[in-house]
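Quick note on labels: first sequence line is chain A, next is B, and so on, each numbered from 1. No hydrogens, no waters, no symmetry mates; every other heavy atom, side chains included, goes into these values.
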Number of protein chains: 4
Amino acid sequence: MTEAIGGIAADALKSYLDRIMNLEIEKKAIAEDIKMVFSEAKGTGFDTKIMRKLLTLLKMEEHERKEQEELLDLYMRAAGVE
Amino acid sequence: MTEAIGGIAADALKSYLDRIMNLEIEKKAIAEDIKMVFSEAKGTGFDTKIMRKLLTLLKMEEHERKEQEELLDLYMRAAGVE
Amino acid sequence: MTEAIGGIAADALKSYLDRIMNLEIEKKAIAEDIKMVFSEAKGTGFDTKIMRKLLTLLKMEEHERKEQEELLDLYMRAAGVE
Amino acid sequence: MTEAIGGIAADALKSYLDRIMNLEIEKKAIAEDIKMVFSEAKGTGFDTKIMRKLLTLLKMEEHERKEQEELLDLYMRAAGVE
DNA sequence: CTGCCATTTTACCGGC
DNA sequence: GCCGGTAAAATGGCAG
């Protein structure tokens, strides 16, 4: 890395950084698209917060979900929540 | 043929969820690409940690520039310059 | 605001900004303390993620909680999740 | 006298939750104070939006300085300067 | 496997 | 009073 300044390495580095930045721009654009879909859904009366929760659950395996619920239940009882 | 379940347009909901899930897949693919570029850079001897720091600095400079412009805008508006 | 530069208003502004920044420092310190408690809890074997969920639930009114659950349920059925 | 519920030290859990909740109350109080300062500033004719922008710029400059130092550190280490 | 960093989610504030 | 954007918190993922 010490020869990076003014050498071939510097060009390579710039190239890598450029590629990354461009990809990040693309990624950001898609994130925008996602936001727009949510916004559209909201405009037709859907609750986006619930939609997000639903998406999370869809990604989760069932046993994983059950496990979490049980643990939460246990903690609630331990904390004295009825 | 929108089937309503409990007052919810089921088809519309499914469509939104589908679109979002597909966009998320695309986004993830780009994230993978970024990772690969880093990995390639690492393979040619670059320090990814330094690369990341450079990227954050570059982004911050850009962001700062933007903030300053916005501030100037606000000032002008506050001063009655339309 | 246009007389702000070099006038009394500038001093007032600085004073406000200072007060705010100091308060933000205090706030941040407390946030650190909270993190430390979580970290301590984790060290004695508790699952901090579940603890956070529990805290959220404790802050929520019961009817509010029920409402959200029912809505989620409705959406799940609408989306065809069994 | 730690009572165990399902293998959970109930007293310990309650204690952690209490400490966290109290700290959160303190934090919230400071947040209120900050709000009051903004409100006071607004009352004397300042534009809170501009104030917020200034604060973000100030924070960003500080942050950037820090990042640059860290980057320099990294460079030196990469160059074998310990 | 632990700590760090990015992304995501949540809460807040100001405007309409 | 809602809604949009903006800052803080929390979750998840990654490198070391």
Side-chain angles (χ1 to χ4, degrees), chain A residues 20 23-24 27-28 30-32 34-36 38-43 45 47-56 59-60 64 68, chain B residues 20 23-24 27-28 30-32 34-39 41-42 46-57 59-60 63 66-67 70-71 74 77-78, chain C residues 20-21 23-25 27-39 42-43 47-57 59-60 68, chain D residues 20 23-24 27-28 30-32 34-39 41-42 46-60 63 67 70 74 77:
Chain A
I20 289 165
L23 286 168
E24 279 175 353
K27 191 152 74 88
K28 194 160 236 171
I30 294 180
E32 298 284 315
I34 292 174
K35 258 191 219 170
M36 281 179 62
F38 273 114
S39 164
E40 191 185 331
K42 185 176 189 168
D47 182 327
T48 57
K49 196 172 165 185
I50 302 292
M51 282 176 69
R52 285 174 200 277
K53 274 217 175 102
L54 182 48
L55 283 165
T56 306
K59 284 178 218 154
M60 254 190 190
E64 196 181 349
Q68 280 220 352
Chain B
I20 289 164
L23 286 168
E24 279 175 352
K27 191 151 76 83
K28 194 159 234 172
I30 294 180
E32 296 286 314
I34 292 173
K35 234 188 275 180
M36 280 178 62
V37 178
F38 271 114
S39 160
K42 188 175 190 169
F46 289 103
D47 183 330
T48 57
K49 201 169 174 184
I50 290 180
M51 285 175 69
R52 284 176 199 279
K53 275 263 181 276
L54 282 171
L55 285 167
T56 53
L57 273 171
K59 270 184 254 171
M60 264 171 44
H63 188 206
K66 224 178 87 190
E67 289 286 343
E70 284 176 22
L71 182 59
L74 278 175
R77 217 166 302 171
Chain C
I20 289 165
M21 289 197 291
L23 285 167
E24 279 175 352
I25 288 168
K27 191 153 75 88
K28 194 159 237 171
I30 294 180
E32 298 284 314
D33 289 348
I34 291 173
K35 257 190 221 168
M36 279 178 62
V37 177
F38 273 114
S39 162
K42 185 178 189 169
D47 183 327
T48 57
K49 192 174 165 187
I50 303 292
M51 283 175 70
R52 285 176 201 275
K53 275 219 173 101
L54 182 48
L55 283 166
T56 305
L57 290 176
K59 283 180 219 153
M60 257 190 187
Q68 281 223 349
Chain D
I20 289 165
L23 285 167
E24 279 176 352
K27 191 153 73 87
K28 193 160 234 169
I30 294 179
E32 296 286 314
I34 292 173
K35 235 188 272 184
M36 282 178 61
V37 177
F38 272 113
S39 161
K42 188 175 190 170
F46 289 103
D47 182 330
T48 57
K49 201 168 173 183
I50 291 179
M51 285 176 68
R52 284 176 198 280
K53 274 264 180 275
L54 281 171
L55 284 167
T56 53
L57 273 171
L58 289 172
K59 270 185 254 171
M60 263 172 45
H63 189 205
E67 289 286 343
E70 284 177 23
L74 276 176
R77 219 166 300 170

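Atom-to-atom distance recorded for A/Glu40:CD and A/Thr48:OG1 is 13.0 Å, nearest 0.5 angstrom. Note that the CD atom of D/Glu67 and the CG atom of D/Leu74 stand 10.0 Å from one another [nearest 0.5 Å].
Taking all atoms of both residues into account, the shortest heavy-atom contact from D/Ala41 to D/Met51 is CB-SD, 3.7 Å. B/Leu55 and A/Ile20 get closest at one heavy-atom pair: CD1-CG2, 3.8 Å. A/Ile50 and C/Gln68 get closest at one heavy-atom pair: CD1-O, 4.1 Å. Of all heavy-atom pairs between A/Leu23 and B/Ile34, the closest is CB-CG1, 3.5 Å.
For the pair A/Ile20 CD1 and E/dC5 P, the computed distance is 16 Å after rounding to whole Å. Taking atom CG of D/Leu74 as the reference point, atom P of E/dC5 lies 10 Å away to the nearest angstrom. Between the CG atom of B/Leu23 and the P atom of E/dT7 there is a distance of 17 Å, given to the nearest Å.
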**Study point:** Heavy-atom protein contacts under 4.0 Å, nucleotides 9-16 of chain E, coded B base, S sugar-phosphate only, - none
**Key:** SS--SS--

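Residue-to-nucleotide proximity on DNA chain F shows that, of B/Glu32 and B/Glu67, the 5′-proximal contact is made by B/Glu67.
Under a cut-off of 6.0 angstrom, the local environment of CE in A/Met36 is sparse, with at most 12 non-hydrogen atoms contributed by other residues, nucleotides or ligands. By the 6.0 Å contact criterion, NZ on C/Lys59 is enclosed, its count of non-hydrogen atoms from other residues, nucleotides or ligands being greater than 12.
With a cutoff of under 4.0 Å to any heavy atom of chain B, the contacted region of DNA chain F is bounded 5' to 3' by F/dC14 to F/dG16.
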